[in-house]
Amino acid sequence: MSVSDIDLIHAWKQVLALSRLAPGQIVTVLTGADTHPQTLRCAIAASSEMGARVNRLDLPPVNAEKSLSRDALAYLGTTPLTGNPAAIAALKASDLVLDLMTLLFSPEQHDILQSGTKILLAIEPPEVLCRLVPTAADRTRVQAAAQRIAAARQMHITSKAGTDLRCQLGNFPAISEYGFVDEPGRWDHWPSGFVLTWPNEGESHGRVVLDRGDILLPLKDYVTEPIELVIEKGFVTRISGGLQAEILKEYMASYEDPEAYAVSHVGWGLQPRAQWSMLAHYNKETHIGMDARAFEGNFLWSMGPNNEAGGSRTTACHIDIPMRHCSVALDGQAMVIEGVVQDEPGLARAARRKEIA
């Protein structure tokens, strides 16, 4: 169902207020060929109504000839800012960049953030943005989980399907994604609502068994039959299963990059308004699957780069895998048990659902 401009402008104003946008600040809206026109006009209207000085920077797409997909996260190579000092300077001169293009996993983004500019990514369909407007409570919950990760030295993930993975932690920061940018130099993604970190290099061991209903991104497919991934010294060394396993292997092999198989970020979803079933209702090319990444109680892990956390891996291949019904423990203490987050909101929601069932 479509949303009105009035509703989307209201949603933008809520997010911009949480992002501490003040009158007179400079907002640059970064756009590309796939920017949603309603998201663009409502972002400009909301920023202008709040007294900001608004610019638009439109850049042509790159990498299309290298990607097997139209998904914005399907090929993380050069960006439209690569070798473009004029555009970078404009973004550095801004207080806030509203990224409606998708600038991720790039040295240019790091450079802009280090100048103190805030960057908010927002590329999901307008109705998804309106459904998943972030709140201050989202920030509190996600930051509390991030503190638990920051203090831990091992994450242990298990499932009844057969997953048994141990990741040593401590060399990379814990990241809170709660959907707005309230500090200088902060990046975030609207919508979101999850916590993550990166395992120490070479210190993830075990196996992951994807079960029916788990999700492969950016392929945007629900798993229909088990897929087993063996992980040794921080890399996936074997992928086995049926047709979907073969498709995944072929897709990753097309990048011709051994670093594509490295374990990237690990964490769990904390957004109760995000829906696991969302993929079933949308054409693949209309979204990037943020519901899947954020739904409450998932175990979200990935393969590919770690340069977003200050690491050295910059592979163009990035696979995100949200899984259901997993248990996640930090240093032996349960954070998620079979898909139920072990904090007060998560336990209360699980109890309500049990009563309804």
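Using a 4.5 Å cut-off on side-chain heavy atoms (C-beta onward), Met323 and Leu210 make contact. With a 4.5 Å cut-off on side-chain heavy atoms, Asn55 and Val29 do not count as touching. The shortest side-chain heavy-atom distance between Asp221 and Ile247 does not fall under the 4.5 Å cut-off. Side-chain contact between Arg166 and His205: absent, with no pair of heavy atoms (C-beta onward) separated by less than 4.5 Å. Side-chain contact between Leu196 and Glu177 is present, with at least one heavy-atom pair separated by less than 4.5 Å. By the 4.5 Å heavy-atom criterion applied to side chains, Leu229 and Arg207 are not counted as neighbours. Considering only heavy atoms from C-beta on, Phe299 stays 4.5 Å or farther from Arg324 through its side chain. Looking at Met101 and Leu59, their side chains come closer than 4.5 Å, going by heavy atoms from C-beta outward.
The pair Asp182-Lys118 fails the salt-bridge criterion, with no side-chain N (NZ, NE, NH1 or NH2) lying under 4.0 Å from an Asp/Glu carboxylate O. Comment: Glu225 does not engage Arg212 in a salt bridge, judged by the lack of any side-chain N to carboxylate O separation of less than 4.0 angstrom. Ion pairing between a basic and an acidic side chain is recognised when a charged N comes within 4.0 Å of a carboxylate O; Glu296 and Arg141 show such pairing. Look at Arg293 and Asp291 and you find no salt bridge, because none of the NZ, NE, NH1 or NH2 atoms lies under 4.0 Å from a carboxylate O. Looking at Asp138 and Arg273, a side-chain N of the basic residue comes within less than 4.0 Å of a carboxylate O on the acidic one, giving a salt bridge. Salt bridge absent: Asp331 and Arg153 never bring a charged side-chain N and a carboxylate O closer than 4.0 Å. Glu246 has a carboxylate O that lies under 4.0 Å from a charged side-chain N of Lys249, or vice versa, which qualifies the two as a salt bridge.
Checking side-chain atoms of Asp320 against main-chain N and O of Pro218 turns up no donor-acceptor pair under 3.5 Å. Under a 3.5 Å cut-off, the side chain of Gln25 and the backbone N or O of Ala22 do form a donor-acceptor pair. Side-chain atoms of Lys284 come within 3.5 Å of backbone N or O of Leu219 as a donor-acceptor pair. Of the possible polar contacts, one joining the Ser327 side chain to the Glu338 backbone as a donor-acceptor pair under 3.5 Å is found. For Asp5 (side chain) and Cys42 (main-chain N/O), no donor-acceptor pair under 3.5 Å exists by modelled atom type. Looking at Asn298, its side chain never comes within 3.5 Å of a backbone N or O of Trp268 through a donor-acceptor pair. Counting only distance, with no hydrogens or angles, the side chain of Gln342 and the backbone of Val340 share a donor-acceptor pair below 3.5 Å. At distances below 3.5 Å, not a single donor-acceptor pair connects side-chain atoms of Thr28 with backbone N or O atoms of Val97. Counting only distance, with no hydrogens or angles, the side chain of Ser19 and the backbone of Val181 share a donor-acceptor pair below 3.5 Å. Side-chain atoms of Ser47 never come within 3.5 Å of backbone atoms of Ile44 as a donor-acceptor pair (strictly under, hydrogens ignored).
Among all heavy-atom pairs drawn from Ser264 and Gly304, the shortest one is CB-N, 3.7 Å. When all heavy atoms of Val263 and Pro199 are compared, the pair lying nearest together is CG1-CG, 3.9 Å. Heavy-atom minimum distance, Asp58 versus Gly32: OD1-N, 3.6 Å. In terms of heavy-atom proximity, Leu91 sits nearest to Thr117 at O-OG1, 3.2 Å. Residues Ala122 and Leu100 share a closest heavy-atom pair of O-CD2, 3.2 Å. Shown here for Leu18 and Ala136, the closest heavy-atom pair between the two residues is CD2-N, 4.3 Å.
Other residues, nucleotides and ligands contribute at most 12 non-hydrogen atoms within 6.0 Å of the CZ atom of Arg148. In the displayed structure, His10 atom NE2 is contacted under 6.0 Å by at most 12 heavy atoms of other residues, nucleotides or ligands.
The structure places CD1 of Ile123 at 13.5 Å from CG of Leu98, a figure rounded to the nearest 0.5 Å. Note that CG of Leu216 and CD1 of Ile321 are 5.5 Å apart. Values are rounded to the nearest 0.5 Å. In this structure, Asp188 CG and Leu121 CG are separated by 9.0 Å, a value rounded to the nearest 0.5 Å. For the atom pair CG of Leu217 and CD1 of Ile319, the computed distance is 8.5 Å after rounding to the nearest 0.5 Å. Glu228 contributes atom CD, which lies 12.5 Å from atom CG of Asp211 (distance to the nearest 0.5 angstrom). Between the CG atom in Asp343 and the CG atom in Leu270 there is a gap of 6.5 Å [rounded to 0.5 Å].
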Practice prompt. Assess whether side chain to side chain donor-acceptor pair (under 3.5 Å) is satisfied between His156 and Asp164, documenting all intermediate values.
Written response: CA-CA 7 Å; His156 184 202; Asp164 190 351; 2.7 Å; yes
Discussion item. As a quick check of understanding, evaluate side-chain contact (heavy atoms from CB on, under 4.5 Å) for Leu16 and Leu96, giving each step before the final call.
Written reply: CA-CA 10 Å; Leu16 293 172; Leu96 172 63; 3.7 Å; yes
Fill in: From CA spacing to verdict: side-chain contact (heavy atoms from CB on, under 4.5 Å), Leu8, Gln38
CA-CA 8 Å; Leu8 187 53; Gln38 186 182 23; 3.8 Å; yes
Practice prompt. Let me see the working for Trp301 and Trp198 under ring pair (Phe, Tyr, Trp, His ring centres under 6.0 Å), right down to the final yes or no.
Written response: CA-CA 9 Å; Trp301 71 289; Trp198 284 257; over 10 Å; no
Practice prompt. Report the C-alpha distance between Val236 and Val230 in whole Å, list the side-chain angles of each, state the deciding distance to 0.1 Å, and finish with yes or no for side-chain contact (heavy atoms from CB on, under 4.5 Å).
Written response: CA-CA 6 Å; Val236 172; Val230 174; over 6 Å; no
Practice prompt. Evaluate side chain to side chain donor-acceptor pair (under 3.5 Å) for Asn306 paired with Glu201, printing each intermediate quantity in order.
Written response: CA-CA 10 Å; Asn306 66 0; Glu201 293 277 9; 2.7 Å; yes
Practice prompt. Assess whether ring pair (Phe, Tyr, Trp, His ring centres under 6.0 Å) is satisfied between His287 and His36, documenting all intermediate values.
Written response: CA-CA 11 Å; His287 67 97; His36 196 290; over 10 Å; no
Discussion item. Set out, in order, the CA-CA distance, both residues' side-chain angles and the distance that settles side-chain contact (heavy atoms from CB on, under 4.5 Å) for Ile175 and Thr197, then state yes or no.
Written reply: CA-CA 6 Å; Ile175 303 296; Thr197 191; over 6 Å; no
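A continuous path of ILVMFWY side-chain contacts below 4.5 Å connects Val15 to Val54, so both sit in one hydrophobic cluster. Both Val142 and Val133 are assigned to one and the same hydrophobic cluster, defined by single-linkage of ILVMFWY side chains at heavy-atom distances under 4.5 Å.
For the side-chain hydrogen bond (donor to acceptor under 3.5 Å, both in side chains) test, no residue two or more places apart in sequence or in another chain qualifies with Gln275.
Under the 6.0 Å cut-off for aromatic ring centres, Tyr222 and Trp276 qualify, their centroids lying closer than that.
Ring orientation note: the planes of His265 and His318 are tilted relative to one another, at an angle of 30° to 60°.
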